[in-house]
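Read the structure below first, then the notes.
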Amino acid sequence: MSKNSKYMIIDGIRAEYTDEKNILQVIQKVGIHVPTFCYYSDMSIYGACRMCVVEDERGSIIASCSTPPRDKMVIRTNTGRLHDYRKMILELLLASHCRDCTTCEKNGNCRLQMLASRFRLTEVRFPNTHPERMVDDSSCAIVRDPSKCILCGDCVRMCNEVQHVGAIDFAHRGADMIVTPAFNKKIAETDCVNCGQCAAVCPTAAITIKKDLKEVWKALYEPEKRVVVQVAPAVRVAIGEEFGLKPGKNSIGKIFTALRMLGFDTVFDTSVSADLTIVEEAEELLRKLENGDKDKEKYPKGNAYPLFTSCCPGWVRFVETKHPDLLPYVSTCKSPMEMFGAVIKEYYKPADRESGLETVSVAVMPCVAKKYEASREEFKRNNVPDVDYVITTKELIRMIKELGIQFAEIEPSSPDMPFSISSGAGVIFGVTGGVTEAALRHVAAKDNQALKDLEYSGIRGLEGVKAAEVEVGGSILRIAVVNGLGNADELIAKIRSGEEHFDFVEVMACPYGCIGGAGQPFGYQAVKSERAGGMYRADKSAIIKRPGENPVVSQLYETGVLKGRSHELLHVDYQKQKETL
């Protein structure tokens, strides 16, 4: 220990600190878990729940989340007074809260329930004033149950501060305060982008993910249905956390086995269609660079807009509602999920006609906005969606547990033919920067040195905004990688003003990319960092590194369902769709 280092005394333990912003972070360093409802290190300090209070040396009660550490400060986290104080808060919350825990969506995973159990609350001394409020299930992605809200403000800060969407906020005052969209609108009537990050941070079941399990189970049990499933890349590194495996563990083989045990007829990896996305998107980028931007003079300081990615439906919705003038610069490529949905439905058409079966396409996604994407008219043909149902990683976990499958113990298996091969580039789609790296691999020199140069170009990492310059074919491309819509909003402002110029911008709506999607098991930044590492390890062990080297992709273009139909099946025009509404 350095004699000059700053330290605190916490419950008699000396705790050195450096750049910790509050006492709570110092307390966590010494292995003490102080209960909280409203504290997230990625968001601003709110200090509303008061569960994290501690006592200082003078006996004053202070909120540890909003109090900065002070050298030689002495605090206690566990006294009789604090214990009674926290129990009182929990009792008051439960007195105005729904008590139907056994049928609640978050039963077993509710922070209010967990803390009530931790403090051994066996009775509540106050009468139940639980308000009966209407459930809002208007959204394709989330369900709001205001009667289960504890006013912690987590969802409000996520929606406003991190995502810059502003679909919900506090309304009224005192005992009448609620969290709601403006003018008490339904959530589907707002500019909600369906990212579901509000549900991810909600400690109770006030906001939850909309479930499609009933329909999926029904399809699985119907003999006249062929139920085909695709699994997104990011699912493989998160699902195991719920079954005792370490974050970042690649469980894709176990996922395939579990899906077959659940009754799915055919199982595929969405990484295959991620390869298709890259082939199409990289060609789109090259055409833009070759043709130049003929309208460059109409932009501020002659600064042409870049090509923006289109894989993330939350981002596409954000552009439509907040920056509609950017729609012409969003790639026309469908997302990998929708590309695969179109390919699957086309591939099985002849077999369906011959056998009399109906192919039902299911997608397992880390993303809640994919539910909204699947419902969009652009992705229906003859009023039939290319992807019939989207379930999240959490929903698949529920199915596995419901059937009693011991996930950690089952043997891995492979995806089915004919879409059984994917590249490492397709796998890393699930982490921020992965789409960009995959695209650059496709157009870069075909040698190992080029791959190494891309790996260390600065596009990897979980930072909110990354910028890099990469040489491709003798030209220097300026590229930005953004995760979180608030970061995207700020970068767009810089592009508009001419402060920044990019040729290509990758945007993921969820912080840290798909590995941090709202459909994944909840995890803090350290967990998401482990997931990112798992994605890159899966890429490193892949035999094929570039999408263009995937024989499945080549076959689809040369003799498969994409022959002469690639633009019809793999592209979408959001701008044209908007104009027809």
| field | Where Val162 and Pro511 come nearest, the two heavy atoms and their spacing | value | CG1-CG, 3.9 Å

| Least distance between heavy atoms, Arg157 atom then Cys152 atom | NH2-O, 4.0 Å

| field | Worked check of side-chain hydrogen bond (donor to acceptor under 3.5 Å, both in side chains) between Tyr85 and Glu55 | value | CA-CA 11 Å; Tyr85 188 89; Glu55 280 190 31; over 6 Å; no

| message | Is the shortest side-chain heavy-atom distance between Ile479 and Val505 below 4.5 Å? | response | no

| task | Go through Arg144 and Lys186 one step at a time and tell me if the side-chain contact (heavy atoms from CB on, under 4.5 Å) criterion holds. | result | CA-CA 9 Å; Arg144 293 179 57 252; Lys186 298 286 189 182; over 6 Å; no

| request: For Arg14 and Tyr7, indicate whether the former's side chain and the latter's backbone hold a donor-acceptor pair under 3.5 Å. | output: no

| field | Smallest separation among heavy atoms of Ile178 and Leu151, with atom names | value | CA-CD2, 4.0 Å

| So does Glu373 pair up with Arg317, basic N to acidic O under 4.0 Å? | no

| note | To the nearest 0.5 Å, atom NE2 of His97 lies from atom OG of Ser147 at 7.5 Å

| task | Please lay out, stage by stage, how Phe119 and His83 fare under the test ring pair (Phe, Tyr, Trp, His ring centres under 6.0 Å). | result | CA-CA 8 Å; Phe119 284 87; His83 188 77; 5.4 Å; yes

| said: Testing Lys394, Lys370, Lys371 one by one against Asp212 for a salt bridge (charged side-chain N to carboxylate O under 4.0 Å, His left out), which residue passes? | reply: Lys371

| Please walk me through it: do Asp176 and Arg173 pass salt bridge (charged side-chain N to carboxylate O under 4.0 Å, His left out)? | CA-CA 5 Å; Asp176 296 324; Arg173 295 187 178 187; over 6 Å; no

| query | Between Asn22 and Ser64, which heavy-atom pair has the shortest distance, and what is it? | reply | CB-O, 3.5 Å

| message | Between Gln520 (side chain only) and Ala234 (backbone N and O only), is there a donor and an acceptor less than 3.5 Å apart? | response | yes

| message | Check this for me: does any side-chain nitrogen of one of Lys249 and Glu530 sit under 4.0 Å from a carboxylate oxygen of the other? | response | no

| query | Under 3.5 Å, side chain of Ser60 to main-chain N/O of Asp56, donor-acceptor pair present? | reply | no

| said: Any salt bridge linking Lys6 with Glu16? Criterion: basic side-chain nitrogen under 4.0 Å from a carboxylate oxygen. | reply: no

| request: Using a 4.5 Å cut-off on heavy atoms from C-beta on, say whether the side chain of Cys514 contacts that of Cys367. | output: no

| Any Lys/Arg nitrogen of Glu241 or Arg531 sitting under 4.0 Å from an Asp/Glu carboxylate oxygen of the other? | yes

| Side-chain (Asn483) to main-chain (Tyr512) donor-acceptor, under 3.5 angstrom | yes

| query | Is a salt bridge present between Arg398 and Glu395, judged by a nitrogen-to-oxygen distance below 4.0 Å? | reply | no

| Can a cation-pi geometry be assigned to Arg460 and Tyr536, taking NZ or CZ under 6.0 Å from the six-membered ring centre and within 45° of the ring axis? | yes

| said: Looking at Arg76, I'd like to know if its CZ atom is crowded, meaning that more than 12 non-hydrogen atoms belonging to other residues, nucleotides or ligands lie closer than 6.0 Å. | reply: no

| request: Taking atom NZ of Lys21 as the centre, report whether more than 12 heavy atoms of other residues, nucleotides or ligands fall under 6.0 Å from it. | output: no

| query | Have Glu161 and Ser44 got a donor and an acceptor in their side chains that come within less than 3.5 Å? | reply | yes

| query | So, the side chain of Thr392 versus the backbone of Val368: is there a donor-acceptor pair under 3.5 Å, distance only? | reply | no

| Any donor-acceptor pair under 3.5 Å from Trp315 side chain to Thr309 backbone | yes

| query | If you round to the nearest 0.5 Å, how far is CG of Asn250 from CG of Leu245? | reply | 11.0 Å

| query | Hey, is the main chain of Leu121 close enough, under 3.5 Å, to the side chain of Glu123 for a donor-acceptor pair? | reply | no

| query | Going by an N to O cut-off under 4.0 Å, is there a salt bridge joining Arg81 and Asp84? | reply | no

| said: So for atom CE, which belongs to Met177, do other residues, nucleotides or ligands contribute more than 12 heavy atoms lying within a distance under 6.0 Å? | reply: yes

| message | Could you report the tightest heavy-atom contact between Glu215 and Tyr389, atom names first, then the distance? | response | CB-CE2, 3.4 Å

| task | Indicate the ring-plane relationship of Phe522 and Tyr40, choosing parallel, tilted or perpendicular according to the 30° and 60° boundaries. | result | perpendicular

| query | Is there a side-chain contact between Cys104 and Arg99, using heavy atoms and a 4.5 Å cut-off? | reply | no

| Okay, side chain of Lys210, backbone of Cys140: is any donor-acceptor separation there less than 3.5 Å? | no

| remark: Residues Ala518 and Gln197: closest non-hydrogen pair is N-NE2, 3.6 Å

| task | State plainly whether the residues Lys322 and Asp489 are in salt-bridge range, i.e. N to O under 4.0 Å. | result | yes

| query | Can you tell if the side chain of Arg86 reaches within under 4.5 Å of the side chain of Val34, non-hydrogen atoms only? | reply | yes

| field | pair Leu93-Phe37: side-chain heavy atoms closer than 4.5 Å | value | yes

| Without hydrogens or angle criteria, can the side chains of Thr393 and Arg236 be said to hold a donor-acceptor pair below 3.5 Å? | no

| With a 4.5 Å limit on heavy-atom distance, are the side chains of Cys312 and Val507 in contact? | no

| request: Show your working on salt bridge (charged side-chain N to carboxylate O under 4.0 Å, His left out) between Glu411 and Lys254 and close with a plain yes or no. | output: CA-CA 6 Å; Glu411 293 294 324; Lys254 289 179 180 290; over 6 Å; no

| field | Check: Val231 main-chain N/O paired with Thr270 side-chain donor or acceptor under 3.5 Å | value | yes

| Is it true that a side-chain atom of Glu506 and a backbone atom of Gly433 form a donor plus acceptor pair closer than 3.5 Å? | yes

| query | So do Val53 and Leu82 actually touch side chain to side chain, heavy atoms under 4.5 Å? | reply | yes

